[in-house]
Amino acid sequence: MRKFKQLAAAAALSAVMAVSMVACSDSDSDSDTPTISFKGVKAPETETEKRSILVSDKATINGKEYSIGYHTILRSGDKPSSDSEVFGQLYDMNGNKVLNPTDSSEYVSSDNDFSSLLTGMDGNMYMISHFESVPAGMYLTKLNQNTSGVLTAEKTRHIDFSGVKGGWVHCAGSVTPWGTHLGSEEYEPNAKLVDATTGKFNDTYGNRMALYFGLATNLTTAGAYASMNIYDYGWQTELAVQNYSNVTVTKHYTMGRVAHELAYVMPDKKTAYISDDGTNVGLFRFVADTAADLSSGTLYAAKWNQTSAAGAGSADLTWISLGHATNAEVKAMLNAKVKYTDIFDEVDLTVSGATCPTTHKEINTTYGRQCLMVKTGMEKAASRLETRRYAAMLGATTEFRKMEGITHDPAKNVMYLALSEIGNGMLDNGSNDAGGPNHIKVAKNTCGAVYALDLDANYVAKNMYPVIAGKPLTTDYGAADNSQAYPSTSAFVNNKCALDGIANPDNLTFMPGYKTLIIGEDTGEGHENDMIWSYNIETKALTRIQTTPFGSETTSPYFYPNYHGFAYLMSVIQHPYGEATAGMPAANSAADRRAYTGFVGPFPAMSK
C-alpha cells in the first residue's frame with residue numbers, strides 16, 4: 001500500500017471530487033442553501049420512445065437554468081483512435097484476445113458498468129470502466145474536456161489484471177477520498193462446488209473463467225483447478241493511475257470475500273461500507289488501521305434488531321466483529337491453496353433424518369441451509385475467504401435481498417442503501433429462513449426500497465429505515481400516471497411497479513449540499529424501461545431524469561461535484577436488449593445492443 005500512500009498526496013490536490021470527498025455547507029438560510037431541480041422526462045409510451053434514451057434537457061441550479069443532456073463517451077466496441085484498443089474487448093492472462101468458445105469470435109463485452117472520473121499523477125484526466133463479465137475487464141480511457149465541459153475519449157486500453165489472477169464480474173464501484181478507483185467483484189464463486197479430490201469446479205457461470213487462462217475446455221475438467229483458485233475472486237480492487245501506461249492494481253483481501261456490489265469509503269478515510277448482492281446476504285463494515293490504506297483492518301457484519309415491520313421495515317443495528325486481517329495474511333492463504341474443506345467441517349442436512357449437532361452452527365445464506373463448524377485455527381481464513389458464512393455463524397444477519405448501491409450525505413452524516421427487492425429471507429418464516437435466526441420480518445415488496453442509516457461521529461451505522469419504496473401493481477399499466485390500462489396481450493407493456501415511482505433501485509449517488517439523492521434502477525418486469533430518478537430528501541419530490549432502451553440496466557450513476565471545473569452525473573447503460581421480457585421486441589441491429597458509457601450534464605461546478 002506504500003504506492004497508494006504516495007499517490008494519495010498528489011490525488012488529493014487534483015480536481016477530482018467524488019461524492020464522499022465533498023462536504024458542502026448546509027446553511028440554515030433558505031437564500032444561502034444550494035438547490036437543484038431537473039426538468040422531468042415522461043415514461044416512454046411508444047415503441048420508438050422505448051427504444052430510445054430519454055433524458056432531462058434542463059436543470060435549474062440555484063435559480064439559474066442550464067441546458068444539459070446525455071453525452072456518450074464510449075460505446076462497447078468503439079475504438080476512439082488508431083492507438084486505442086476496442087472498448088470492452090476482453091483479454092486473457094497472456095494479453096491475448098479472449099475468443100467466444102461458441103464461434104471463436106472476439107469477445108467484446110456489452111456489460112459496461114461503473115466508470116470513475118480520476119486525475120492521474122501526471123495531471124491528465126482519466127476514466128476507469130468496469131465490464132461485468134466472466135472473465136471481467138477494466139479499461140483506462142484518457143479523456144479530453146472542451147470549454148463547455150463535454151468529455152470525450154482520446155484513447156483507451158485494457159488494464160492488465162494478470163498480477164492478481166484476473167478480474168471477476170466487476171460490478172459497481174466508488175472513488176476513494178484520496179482519489180483512487182475502488183472496484184468490486186460480484187457473485188463470488190461458491191468454493192464448496194470445487195471437488196476436493198478432482199479439482200473440478202461444478203458451476204457453469206464460473207467455468208467461463210477458464211477463458212482467462214487460455215483453457216480450451218472449461219473448469220469441470222479434472223485438474224483445471226490447478227490454473228484457477230476459486231478464492232482468487234470476490235474481492236474489492238483498488239486502482240491508482242500514475243499515467244496512461246501505468247496503473248497499480250491491488251485486491252484488498254482484508255475487506256472480505258462476498259458478492260461485492262461496491263464498497264464506499266467514508267470521509268474519515270478508514271471506514272468503508274460493503275454491500276452484498278444476492279439472496280440471503282449481509283451488510284459489512286470495514287475499518288482500516290490507517291487512513292487512506294485499505295491493506296489491513298477489522299471487518300464487521302451487521303445484525304438487524306427489528307423495531308418496526310411497517311413499510312420496508314426498520315431496525316437498530318449492532319455490529320459483530322469478524323476479526324482483524326491484513327492483505328498479506330490472506331494472500332498467504334491463497335498461495336497455500338486453502339480449500340473450503342480445510343476451513344469447515346460440514347454435516348450434510350440433505351441426508352434424510354440429519355440434524356445439526358451442538359458442535360456445529362446451522363445457518364442459511366446465499367448458498368442455502370448448512371450446518372458448519374470452523375476447524376481449529378481456521379477462524380481468520382473463514383472470516384475472509386468465507387465471509388458471509390462466517391458472519392452468519394457468529395450471529396450476524398444474512399437475510400437481506402439484493403443489496404445494491406451505497407452513498408452518503410456528509411452534511412447530515414446519513415448513509416443511503418438500496419435493496420432492489422424486499423423478499424426471500426426478509427419475509428417472516430419463509431423457506432429462506434430455515435436454519436437461520438429469522439431476524440427480518442417484513443412484508444414483500446418486489447419493487448424494492450431505499451433505506452437511510454444514521455451514522456455516529458465514528459461513522460458507525462446505528463439504525464436502518466426506509467425513505468422511499470416502489471409501489472407494486474396488480475395490473476400492467478402504460479401511461480406515466482398509471483391511468484391507462486393496456487390489454488394484457490400488449491407486446492410493449494410490462495410494468496409491475498407504478499410508473500410514478502421507483503422500481504428495483506440499484507446504484508445510488510448523492511449531490512452533497514443539494515439534498516438530492518440520485519437513484520438508478522436495475523429492473524426487469526418492474527419497469528419495462530429502466531430509469532434514473534432524482535429525489536429531494538426534504539421535499540420528497542421524485543423526478544424521472546433518464547430512461548433507457550428495452551432490456552438495459554442503468555448502472556452506477558455517480559456524481560462528481562467538481563471535476564476540472566464542471567460537475568457530472570455519470571450514467572452507464574448496460575446491455576441494451578440484453579434482459580428480454582415476454583413480448584419485448586428484439587434489437588433492430590447488432591449495433592443497438594452495444595452498451596453506453598457516458599454522463600448527464602455537464603453542470604457548472606457544484607462544490608462550495
Among side-chain atoms of [X] and [Y], is any donor-acceptor pair under 3.5 angstrom?
| X | Y | result |
| --- | --- | --- |
| Glu521 | His527 | yes |
| Asn463 | Asp316 | no |
| Lys58 | Ser67 | yes |
| Ser314 | Ser308 | no |
| His408 | Asn413 | yes |
| Thr397 | His439 | yes |
| Asn305 | Thr318 | yes |
| Tyr416 | Asp409 | no |
| Tyr558 | Asn507 | no |
| Trp178 | Thr180 | yes |
| Thr119 | His564 | yes |

Between [X] and [Y], is the ring centroid distance below 6.0 Å?
| X | Y | result |
| --- | --- | --- |
| His181 | Phe114 | yes |
| Tyr568 | Phe599 | yes |
| Phe286 | Phe284 | no |

Beyond-backbone contact of [X] with [Y], side-chain heavy atoms, under 4.5 angstrom:
| X | Y | answer |
| --- | --- | --- |
| Cys497 | Pro472 | no |
| Tyr273 | Ser275 | no |
| Val450 | Ile519 | yes |
| Asp522 | Thr555 | no |
| Tyr70 | Ser571 | yes |
| Asn432 | Glu399 | no |
| Tyr66 | Pro604 | yes |
| His575 | Arg593 | no |

Under the side chain to side chain donor-acceptor pair (under 3.5 Å) rule, what do Thr597 and Asn112 come out as? Steps first, then yes or no, please. CA-CA 7 Å; Thr597 293; Asn112 307 32; 3.0 Å; yes

Apply side chain to side chain contact (heavy atoms under 4.5 Å, CB included) to Met570 and Leu117, showing your working. CA-CA 9 Å; Met570 291 298 290; Leu117 299 180; 4.0 Å; yes

Could you state the interatomic distance from [atom1] ([X]) to [atom2] ([Y]), rounded to the nearest 0.5 Å?
| X | Y | atom1 | atom2 | answer |
| --- | --- | --- | --- | --- |
| Asp506 | Met403 | CG | CE | 13.0 Å |
| Ser174 | Leu262 | OG | CG | 5.5 Å |
| Ser184 | Asp276 | OG | CG | 11.5 Å |
| Ile68 | Ile545 | CD1 | CD1 | 7.0 Å |
| Cys447 | Asn504 | SG | CG | 6.5 Å |
| Met531 | Glu528 | CE | CD | 9.0 Å |

Between the side chain of [X] and the main-chain N/O of [Y], is any donor-acceptor distance below 3.5 Å?
| X | Y | answer |
| --- | --- | --- |
| Lys540 | Ile537 | yes |
| Thr509 | Phe559 | yes |
| Thr516 | Ser534 | no |
| Asn62 | Thr35 | yes |
| Ser109 | Asp111 | yes |
| Thr523 | Gly526 | yes |
| Tyr465 | Gly313 | no |
| His130 | Ser115 | no |
| Thr176 | Gly179 | yes |
| Tyr451 | Ala312 | yes |

Are Lys412 and Glu538 ion-paired here, with the side-chain N under 4.0 Å from a carboxylate O? yes

Which residue pairs pass the salt bridge (Lys or Arg N to Asp or Glu O under 4.0 Å) test with at least one member in residues 250-266, sequence neighbours excluded? Glu185-Lys251

Can you pull the salt bridge (Lys or Arg N to Asp or Glu O under 4.0 Å) pairs that have at least one residue in residues 60-74, sequence neighbours excluded? none

Set out, in order, the CA-CA distance, both residues' side-chain angles and the distance that settles side chain to side chain donor-acceptor pair (under 3.5 Å) for Ser556 and Asp113, then state yes or no. CA-CA 6 Å; Ser556 299; Asp113 210 294; 2.9 Å; yes

Residues Tyr563, Leu143; criterion side chain to side chain contact (heavy atoms under 4.5 Å, CB included); working and verdict: CA-CA 12 Å; Tyr563 182 68; Leu143 299 173; 4.1 Å; yes

Nearest heavy-atom pair of Leu508 and Ala418: which atoms, and what distance? CD1-N, 3.6 Å

Taking ring-ring contact (aromatic ring centres under 6.0 Å, His included) as the criterion, tell me which of Phe161, Tyr139, Trp168 meets it with Phe131. Tyr139

Think Arg285 forms a cation-pi with Tyr300, using NZ or CZ under 6.0 Å from the six-ring centre and within 45 degrees of its axis? yes

Within 45° of the axis and under 6.0 Å from the centre of the six-membered ring of Tyr596, does NZ or CZ of Arg75 qualify? yes

Stepwise side chain to side chain contact (heavy atoms under 4.5 Å, CB included) check, Thr554 with Ile573: CA-CA 5 Å; Thr554 64; Ile573 302 171; 5.7 Å; no

Assess the residue pair Asp500 and Arg544 against the criterion (salt bridge (Lys or Arg N to Asp or Glu O under 4.0 Å)); give the C-alpha distance rounded to whole Å, side-chain angles, the decisive distance to 0.1 Å, and a yes or no. CA-CA 8 Å; Asp500 61 354; Arg544 185 186 302 105; over 6 Å; no

Is atom NZ of Lys39 surrounded by more than 12 heavy atoms (other residues, nucleotides or ligands) closer than 6.0 Å? no

Run the side chain to side chain contact (heavy atoms under 4.5 Å, CB included) check on Leu419 and Leu417 step by step: do they pass? CA-CA 7 Å; Leu419 268 65; Leu417 173 67; 4.0 Å; yes

Knowing that exactly one of Lys444, Lys496, Arg401, Lys402 qualifies, which makes a salt bridge (charged side-chain N to carboxylate O under 4.0 Å, His left out) with Glu421? Arg401

